[in-house]
J.: 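This structure is in structure tokens; I'll ask about it shortly.
Residue numbering restarts at 1 for every chain, and letters A, B, ... go by the order of the sequence lines. The structure displayed is predicted, hence computed values, not measured ones.
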Number of protein chains: 2
Amino acid sequence: MDGDRMPAELARLWRIPADSRRGRPARLDVGRVVDAAVALADRQGLAAVTLPKVAESLGTTKMALYRYVGSKDELLTLMHDAANGPVPASLEGTGPWRERLRRWSEEQAAVFERHPWLADLRPSGPPSGPNGIAWFDAGLRAMRSTPLDWQARVGVIMLVSGYVKSAAQLARGLAAGREGTGMDQAAAEREYGMAMARLVEPERFPDAAALFASGALEDTGKQTGEEDFRFGLELVLDGVAARIGAEGGPEPAS
Amino acid sequence: MDGDRMPAELARLWRIPADSRRGRPARLDVGRVVDAAVALADRQGLAAVTLPKVAESLGTTKMALYRYVGSKDELLTLMHDAANGPVPASLEGTGPWRERLRRWSEEQAAVFERHPWLADLRPSGPPSGPNGIAWFDAGLRAMRSTPLDWQARVGVIMLVSGYVKSAAQLARGLAAGREGTGMDQAAAEREYGMAMARLVEPERFPDAAALFASGALEDTGKQTGEEDFRFGLELVLDGVAARIGAEGGPEPAS
DNA sequence: CACTATTAGTGTCTCTAGGATACTATCTAT
DNA sequence: ATAGATAGTATCCTAGAGACACTAATAGTG
């Protein structure tokens with residue numbers, strides 16, 4: 001199975017063990033390196049993930065890590081897949097497609113909540129790691145009972161996961177505003193808001209100005225965030241339902 | 001109007017001219033710096049945008065740029081807004097919401113095509129530059145004739161622009177595969193694909209494996225890309241229509 | 001048991017970047 | 001003319017990614 005040649009990158013992503021057992025035994029493995037990097041990112045954000053810091057948290061030197069990851073960029077890819085984590089068991093089983101797709105999206109959103117820095121990673125093409133593939137697979141499976149063809153299913157998955165990601169990015173952006181240690185930050189924030197209000201002139205930006213004036217952007221608490229997320233999600237699901245040509249009511253189990 | 005205090009960052013974003021005319025006159029201005037940076041990114045990607053390189057392309061020194069941009073990060077924000085460009089005239093005028101929203105999305109996608117690196121920028125909160133606000137305003141205006149409330153309109157805009165962005169990211173990822181100078185690259189690509197096909201085992205990933213086997217992912221030409229984009233876009237518009245509770249047929253002009 | 005190929009880990013160097021600081025240059029208002 | 005203000009420069013520092021040549025530790029083999 002792994003006798004064939006395989007790009008080293010992929011072998012690391014899929015944790016294919018090396019077949020040779022000669023030479024000095026390794027003290028680490030890809031998994032531990034990646035776990036350390038993920039932990040670092042969870043604690044201090046993606047910017048804190050540097051080879052020196054990861055090495056320090058593992059008690060080695062920077063250069064030793066290159067035995068396990070190839071490059072910083074590859075480390076990010078590995079982190080991405082690792083942070084995705086396995087597909088939760090709650091997604092298995094059957095049910096109407098709409099419910100399954102909704103659950104899939106919510107679990108996906110939960111992943112972003114656990115690892116907010118995931119939203120900062122620039123996407124590197126289609127999923128290629130075991131966890132990424134597993135999520136993809138589960139998403140496809142949620143649509144098994146629908147008449148959609150492959151292209152459509154892939155399209156729906158791209159759409160939904162793109163939505164979840166941008167929602168996470170937005171939430172992250174809003175949360176960033178809440179940081180800083182208070183007074184100074186708050187004052188700057190207020191000044192910023194006031195300046196914006198002055199800049200968005202009703203003559204030039206009628207609708208945006210009306211929106212600002214309406215105060216609909218004011219309370220951006222966590223509660224509101226969830227509601228907004230639901231709004232977009234259900235809207236997308238409505239779109240899927242329209243494509244299917246039937247309402248997402250009870251159906252024969254997949 | 002600009003007599004009030006205003007954060008320097010915002011003043012630069014909105015190109016508010018300084019009121020003082022004393023001292024040595026500047027040879028550059030924010031606009032030229034940003035344009036140079038955008039040109040660089042267009043030619044060589046976002047990674048090529050470094051202060052030294054931008055400075056060189058303008059015939060100055062790195063440190064001179066700090067008179068105009070404050071920080072690298074701010075430069076990216078300025079580039080973002082500048083690259084958005086003004087809202088095209090074709091979006092003004094009236095028409096049914098669905099058509100207007102569709103046009104808005106397509107024009108937005110065209111922006112990403114002109115400046116692919118835009119998809120690599122991590123979003124820094126809601127739009128705050130003149131162009132960003134103008135696009136936002138235009139998006140809102142497209143929904144004027146609908147009964148949606150402000151929250152819903154904002155939600156739709158977030159959803160749609162998130163979709164456009166992730167579609168651009170995907171296209172970018174696929175295009176990246178086409179790069180390299182040929183043979184070597186192609187061989188690596190093929191090997192990668194074959195390895196992936198082996199790794200996605202039908203027992204473990206039944207739906208994903210079936211998808212791979214179906215060959216639905218094969219031809220990823222530009223043509224297909226457009227079609228995929230339309231699919232998601234129309235799906236979202238269907239969702240909006242469902243929210244409105246009416247089909248997007250002809251309506252009283254906004 | 002010794003030896004050697006093989007793999008793991010280290011020390012050091014280079015390149016590049018962002019940014020701080022202290023400086024010089026050039027202008028305008030008075 | 002000159003003082004104050006603004007533009008631009010030279011030099012330094014910190015930090016990260018990665019190359020390279022090295023040393024260290026092990027397992028199979030004779």
J.: Taking only the side-chain nitrogens and oxygens of B:Thr61, find out if one of them lies under 4.0 Å from OP1 or OP2 of D:dT9.
T.: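 Answer yes for this pair, as a side-chain N or O of B:Thr61 is under 4.0 Å from OP1 or OP2.
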J.: Would you tell me if any nitrogen or oxygen in the side chain of B:Thr50 comes within less than 4.0 Å of OP1 or OP2 on C:dA17?
T.: yes
J.: Just how far, in rounded Å, is P of D:dG18 from CG of A:Leu76?
T.: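 To the nearest whole Å, that distance equals 10 Å.
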J.: Near B:Gln44 CD, under 6.0 Å, is it more than 12 heavy atoms from other residues, nucleotides or ligands?
T.: yes
J.: Just to be sure I understand the rule, does A:Ala26 reach a base, reach only the sugar-phosphate, or reach nothing, if contact means heavy atoms closer than 4.0 Å?
T.: sugar-phosphate
J.: Whole angstroms only, please: what is the NZ-C1' distance between B:Lys62 and D:dC13?
T.: 10 Å
J.: May I have the distance from B:Glu56 (atom CD) to C:dT16 (atom P), rounded to whole angstrom?
T.: 12 Å
J.: If you measure from CG on A:Asn84 to CG on A:Leu118, what distance do you get to the nearest 0.5 Å?
T.: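 Taking CG in A:Asn84 and CG in A:Leu118, the distance rounds to 6.0 Å.
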J.: Starting from P on C:dT6, measure out to CZ on A:Arg67 and report it in whole angstrom.
T.: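 Answer to the nearest Å: 14 Å.
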J.: Check whether any side-chain nitrogen or oxygen of A:Tyr68 sits under 4.0 Å from OP1 or OP2 of C:dG9, and answer yes or no.
T.: yes
J.: Considering heavy-atom distances to DNA chain D, does B:Gly23 or A:Leu51 have its closest nucleotide positioned more toward the 5' end?
T.: B:Gly23
J.: Is there a donor and acceptor pair closer than 3.5 Å between the side chain of B:Arg22 and the base of D:dG4?
T.: no
J.: Taking CG from A:Asp29 and P from C:dA8, how many angstroms apart are they, rounded to a whole number?
T.: 11 Å
J.: Measure from OH on A:Tyr66 to P on D:dA19 and round the result to the nearest Å.
T.: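 So the OH-P distance, A:Tyr66 to D:dA19, works out to 7 Å.
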J.: Given atom CG of B:Leu65 and atom P of C:dA17, what is their separation to the nearest angstrom?
T.: 13 Å
J.: Would A:Arg15 and A:Asp29 pass as an ion pair if we require N to O under 4.0 Å?
T.: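 Not counted as a salt bridge, because no side-chain N and carboxylate O are separated by less than 4.0 Å.
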J.: Students often mix this up, so state it plainly: with edges at 30° and 60°, are the rings of A:Trp14 and B:Phe205 parallel, tilted or perpendicular?
T.: perpendicular
J.: Within this structure, what is the CG-to-C1' distance between A:Leu28 and C:dG9, rounded to whole angstrom?
T.: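 Going from CG in A:Leu28 over to C1' in C:dG9 covers 10 Å.
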J.: Decide yes or no, distance alone: a donor-acceptor N/O pair under 3.5 angstrom between the base of C:dA8 and the side-chain of A:Arg24.
T.: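 Flag set: donor-acceptor pair detected.
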J.: In terms of the nearest nucleotide of DNA chain C, which residue is placed more toward the 5' end: A:Thr60 or B:Met63?
T.: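 It is A:Thr60, whose closest nucleotide lies nearer the 5' terminus.
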J.: Look at B:Lys53 and C:dA17 and indicate whether a side-chain polar atom (N or O) is within less than 4.0 Å of OP1 or OP2.
T.: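 Yes, because at least one side-chain N or O of B:Lys53 sits under 4.0 Å from OP1 or OP2 of C:dA17.
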J.: Hey, is B:Asp120 close enough to B:Arg172 for a salt bridge, meaning N to O under 4.0 Å?
T.: yes
